[in-house]
**Student:** 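To start, I am sharing the structure in question, which I have written as structure tokens.
Just so it is clear, the model here is predicted, and its values are computed rather than measured.
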Amino acid sequence: MDNKQQLYYIDFDKLFENYADKYYRMHESEYGSPDEFAVDLDKIYHVWATSPQEVIGGISPSEFFNRIPNEELIDILKGSCVGDNNPNSLLFDRIATEPSLLDDLIELARTSSDEKLLLVVLSLIKELGGADPGFYIEMIDRDIDAAPKDECIEALCDNAEAVKEELLERAQKTDDIGAMERYAEPLTFCEPGDDRILSLLRSLLSNDPNIAYVAALMGRYGDARACDDLYPLLDTCDYAEFLEIRNAIEFLGGSVDEHYRDFSQDPLYQAIKGNNR
């Protein structure tokens with residue numbers, strides 16, 4: 001790695017943190033509290049980012065990153081996620097203003113399995129307007145960590161109606177509970193009343209050990225017919241499940257008495273009620 005490349009991986013966020021600490025010590029008398037100082041951080045950051053810094057040859061951090069050719073930015077991003085390194089906000093902001101890099105970022109997401117890099121790349125893709133829904137469906141079916149999958153599921157939730165048919169088709173072809181959960185999550189943002197979505201949720205309720213999670217999905221979907229499936233569970237659930245099931249039923253227009261069952265021996269019930277005394 002030459003000297004120029006080494007500069008790319010300087011911890012600029014740490015440099016600013018040191019600058020901000022020094023600034024606060026010098027101007028502490030001007031602030032009533034650290035919270036008041038925090039209000040000025042954006043302004044202080046702008047001053048630092050646009051001021052010459054010796055460590056990068058006497059130019060400002062903003063100018064330093066603005067001078068990097070577009071074709072080098074993706075490689076720098078990958079290098080900044082290796083090991084304990086993290087991409088600094090200036091690099092992130094520079095890439096986030098280059099729409100021409102969107103396709104490269106999508107391709108990088110498709111081929112990477114590193115959680116840290118994937119989370120950064122997915123965030124940049126979002127900043128640049130997002131990818132087509134097919135990309136996010138492809139990503140949630142990949143063998144990657146849960147956090148990047150969650151980001152992709154969130155993107156699908158924002159386009160639920162557009163991906164409904166594809167997700168339903170995939171859900172009908174699998175008996176993997178994890179996959180069914182991933183497909184069901186965006187589907188609960190669709191308009192209620194689709195028998196296929198209700199059937200998927202009922203299948204999860206019958207097979208998924210995470211009863212509370214599925215009850216929450218049913219409540220969010222908003223199909224009142226799900227009450228018929230939820231009421232019987234009140235007789236055998238623990239208190240944590242009871243809270244979610246009751247919330248779902250009430251959201252769907254039903255009602256559950258607070259004292260439906262005696263949970264006095266349930267550890268969560270004891271913890272909650274004990275703290276409220």
Side-chain angles (χ1 to χ4, degrees), residues 1-102 104-109 111-131 144-152 154-155:
M1 184 183 295
D2 60 31
N3 290 337
K4 177 184 175 183
Q5 289 175 317
Q6 288 178 343
L7 292 177
Y8 292 153
Y9 304 118
I10 289 174
D11 192 341
F12 285 87
D13 290 336
K14 185 65 177 179
L15 289 180
F16 172 67
E17 182 182 324
N18 293 338
Y19 175 86
D21 287 344
K22 182 178 179 181
Y23 183 96
Y24 181 67
R25 289 194 299 270
M26 293 175 60
H27 299 269
E28 188 172 0
S29 61
E30 301 171 20
Y31 297 99
S33 69
D35 288 340
E36 287 185 17
F37 172 69
V39 173
D40 276 351
L41 270 180
D42 283 346
K43 180 178 68 177
I44 295 166
Y45 182 83
H46 177 74
V47 171
W48 170 80
T50 55
S51 299
Q53 306 290 327
E54 279 189 30
V55 70
I56 50 175
I59 62 174
S60 71
S62 291
E63 180 61 23
F64 176 80
F65 281 95
N66 285 337
R67 290 184 183 184
I68 299 174
N70 281 12
E71 58 270 20
E72 296 183 26
L73 289 170
I74 297 297
D75 283 339
I76 295 171
L77 179 67
K78 289 190 288 186
S80 69
C81 290
V82 173
D84 294 331
N85 295 332
N86 290 288
N88 66 76
S89 54
L90 290 166
L91 175 62
F92 186 97
D93 290 346
R94 169 67 201 286
I95 295 174
T97 59
E98 295 292 345
S100 63
L101 295 175
L102 179 57
D104 292 327
L105 289 167
I106 290 171
E107 182 59 27
L108 179 56
T111 56
S112 175
S113 58
D114 179 78
E115 180 181 21
K116 179 165 51 175
L117 178 59
L118 275 173
L119 287 172
V120 172
V121 171
L122 289 169
S123 183
L124 283 164
I125 290 171
K126 183 177 180 179
E127 287 289 321
L128 289 168
I144 56 176
D145 292 297
K149 282 191 179 184
D150 288 343
E151 291 294 316
C152 293
E154 183 178 328

**Student:** So Ile59 and Arg67, side-chain contact (heavy atoms from CB on, under 4.5 Å) or not? Walk me through it.
**Tutor:** CA-CA 10 Å; Ile59 62 174; Arg67 290 184 183 184; 3.8 Å; yes
**Student:** Would you say Leu91 and Ser80 make side-chain contact, with heavy atoms under 4.5 Å?
**Tutor:**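 Side-chain contact under 4.5 Å: yes.
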**Student:** If you round to the nearest 0.5 Å, how far is CD of Glu98 from CG of Leu102?
**Tutor:**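 Nearest 0.5 Å value for the CG-CD distance: 12.0 Å.
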**Student:** Less than 4.5 Å apart, side chain to side chain, heavy atoms only: is that true for Asn86 and Cys81?
**Tutor:** no
**Student:** Which pair of non-hydrogen atoms, one from Ser113 and one from Asp145, has the smallest distance, and what is that distance?
**Tutor:**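 For Ser113 versus Asp145, the nearest heavy atoms are O-OD2, 4.1 Å.
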**Student:** Would you indicate whether the side-chain heavy atoms of Thr97 and Leu128 approach each other to under 4.5 Å?
**Tutor:**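 No, their side chains stay 4.5 Å or more apart.
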**Student:** If you define the side chain from C-beta out and look only at heavy atoms, does anything of Leu15 sit under 4.5 Å from Gln53?
**Tutor:**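 No - every pair of side-chain heavy atoms lies 4.5 Å or more apart.
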**Student:** Pairing donors with acceptors under 3.5 angstrom, does anything connect the side chains of Asn88 and Arg94?
**Tutor:**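 Side-chain D/A pair, Asn88 to Arg94: absent.
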**Student:** Given Phe12 and Phe65, is the ring pair (Phe, Tyr, Trp, His ring centres under 6.0 Å) satisfied, shown in steps?
**Tutor:** CA-CA 11 Å; Phe12 285 87; Phe65 281 95; 5.0 Å; yes
**Student:** If every non-hydrogen atom of Ser100 is compared with every non-hydrogen atom of Asp104, which pair is closest and at what distance?
**Tutor:**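 Taking every non-hydrogen atom into account, O-OD2, 4.4 Å.
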**Student:** Looking only at heavy atoms, what is the nearest atom pair of Ser60 and Thr50, with distance?
**Tutor:** CB-C, 3.4 Å
**Student:** Start with the C-alpha distance between Phe92 and Ser123, add both sets of side-chain angles, then the distance that settles side-chain contact (heavy atoms from CB on, under 4.5 Å), and finish with yes or no.
**Tutor:** CA-CA 9 Å; Phe92 186 97; Ser123 183; 3.4 Å; yes
**Student:** Scan the side chains in residues 35-42 for donor-acceptor partners under 3.5 Å anywhere in the protein, sequence neighbours excluded, and list what turns up.
**Tutor:**
unit_1	atom_1	unit_2	atom_2	d
Glu36	OE1	Gly32	N	2.8
Asp40	OD2	Tyr31	OH	2.9

**Student:** With rounding to the nearest 0.5 Å, note down the distance linking NZ in Lys126 to CG in Leu124.
**Tutor:**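 It comes to 12.0 Å.
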**Student:** Atom CD in Glu28, atom OH in Tyr23: separation rounded to 0.5 Å?
**Tutor:** 13.0 Å
**Student:** Looking at every non-hydrogen atom in both residues, tell me the closest pair between Ile125 and Ala131 and how far apart they are.
**Tutor:** CG2-N, 3.7 Å
**Student:** Donor-acceptor pair, Lys116 side chain versus Gly83 backbone, under 3.5 Å?
**Tutor:** yes
**Student:** Find the distance between CD (Glu154) and CG (Leu122) and round it off to the nearest 0.5 Å.
**Tutor:** 10.5 Å
**Student:** Taking the side chain as every heavy atom from C-beta outward, state whether Leu119 and Glu151 have any atom pair closer than 4.5 Å.
**Tutor:**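 Side-chain contact under 4.5 Å: yes.
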**Student:** How are the rings of Trp48 and Tyr45 set relative to one another: parallel (under 30°), tilted (30 to 60°) or perpendicular (over 60°)?
**Tutor:** tilted
**Student:** NE2 of His27: more than 12 outside heavy atoms within 6.0 angstrom?
**Tutor:** yes
**Student:** Would you give the length of the straight line joining atom OG of Ser62 to atom NE2 of His46, rounded to the nearest 0.5 angstrom?
**Tutor:**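 Answer for the OG-NE2 pair, Ser62 versus His46, is 7.5 Å.
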**Student:** So which heavy atom on Ala109 is nearest to which on Leu118, and how close?
**Tutor:**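 In this case the closest contact between Ala109 and Leu118 is O-CD2, 3.4 Å.
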**Student:** Asn70 and side chain to side chain contact (heavy atoms under 4.5 Å, CB included): which single residue from Ile68, Leu73, Ile74 fits?
**Tutor:** Leu73
**Student:** Hey, are the side chains of Ile76 and Ile95 touching, using non-hydrogen atoms and a 4.5 Å cut-off?
**Tutor:**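 Side chain of Ile76 against side chain of Ile95, heavy atoms only: no contact under 4.5 Å found.
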**Student:** Which heavy-atom pair separates Leu90 from Ala49 by the least distance, and what is that distance?
**Tutor:**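 Leu90 and Ala49 have their closest heavy atoms at CD2-CB, 4.4 Å.
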**Student:** How far does CG of Leu108 sit from NZ of Lys78, to the nearest 0.5 angstrom?
**Tutor:** 6.0 Å
